[in-house]
> 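Okay, handing you the structure first.
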Amino acid sequence: MARESKFRKPEQREFLVAQVRARKEISPNFVRVTIGGPALASFRPMGYDHWFRLFLPTAKGLRLPRRTGGLWMAEYFLMPKDTRPIGRNYTVRHHRAQGTYGEGPEIDIDFLLHENADGTLGPASAWARDAAPGDELGIYDEGITFLPPVTTDWRLLVGDESALPAILGILASTTDDLRTEVFVELSHPDDAQCADTRDGTTLRWLTRPKDATVGETVLTALRAADLPGTPGYAWTAGGQKLASGVRRHLVTQRGFGKDAVTFTGYWR
Ligand SMILES: Cc1cc2nc3c(=O)[nH]c(=O)nc-3n(C[C@H](O)[C@H](O)[C@H](O)COP(=O)(O)OP(=O)(O)OC[C@H]3O[C@@H](n4cnc5c(N)ncnc54)[C@H](O)[C@@H]3O)c2cc1C
């Protein structure tokens, strides 16, 4: 049983070491890295927006904290800089109990290769771009944040491309036909993927104009959208400004209670 709090955390967590099995460019800005290895046998897929912390090796190799629970972070920050692994957050795009590239379970991770202002890539994007079979990484399971109340009448999902894996995971895990309104903002229309949608779901792919700030396009569409008059449950993630802007709009203009909006700034 997973532990229930504001978010749903896995019952047991430990640092797992996995290996890259495959890497594939799946769309203009996304690379899919498939990881596997015996340690993943203890990873319990939870569906929806299941996310984990990903740790990348330094030039000295992959060292991971030994403590878990509330103590690992203190140990992590006490590690010398040259051995402290680079940590970033990612989503389980697919989990397969039996791998397609090797024996045992596999996880697909969809990395958005976003550029910094100077045209370079952040460490996680650069790692994914160059990932090769056998490369090691560490993961630490964090569970899910998508937790609608059972009484909700409708659902709203809003995000940018960094939230695409989570939104697709939520849609694929949904087992009912409740009205679900989805807004996804992308920089390139070909980054859209096949979505597992049920009756009752309306999915809008929105392309961001070249000079627009991330989130502007989706917020404009959301403000203009004909949505149910009574508040539902909303989940939003992506750039910090997008997630907080969506929440502000829903609370101040659409009558949502603050507890009815799960929002996460995936990046700043
Ligand atoms: C719970 C959770 C789940 C996530 N799942 C995914 C996922 O499945 N796939 C995915 O691609 N991302 C995901 N993200 C977002 C990802 O963690 C960040 O984008 C992360 O910063 C990327 O690390 P980096 O090393 O490439 O860049 P960083 O070194 O962290 O950032 C470098 C620069 O790029 C900017 N930047 C960072 N992310 C973005 C972005 N998405 N778009 C534009 N500019 C950006 C930063 O502001 C910074 O200036 C998730 C985040 C969270 C919190």
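Values below: every heavy atom of this structure, side chains too, minus hydrogens, waters and symmetry copies. Both counts, for ligands and for their atoms, begin at 1 and track the order of listing.
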> Sort out the contact shell of ligand 1: every protein residue with a heavy-atom distance below 4.0 Å, listed by chain and number.
W51, R88, N89, Y90, T91, D110, F111, L112, H114, N116, G122, P123, A124, S125, S162, P165, Y266, W267, R268

> Is it true that K241 and E216 have a side-chain N and a carboxylate O under 4.0 angstrom from each other?
no

> Between the side chains of D108 and R96, is the shortest nitrogen-to-carboxylate-oxygen separation below 4.0 Å, so that they form an ion pair?
yes

> Answer yes or no: is there an ion pair linking E181 with R155, defined by an N-O contact shorter than 4.0 Å?
no

> Kindly write out the residues that satisfy side-chain hydrogen bond (donor to acceptor under 3.5 Å, both in side chains) with T201, not counting sequence neighbours, or none if the list is empty.
none

> Of all residues at least two apart in sequence or in a different chain, which pass the side-chain hydrogen bond (donor to acceptor under 3.5 Å, both in side chains) check with H95?
none

> Checking T202 now: which residues fulfil side-chain hydrogen bond (donor to acceptor under 3.5 Å, both in side chains) with it, not counting sequence neighbours?
none

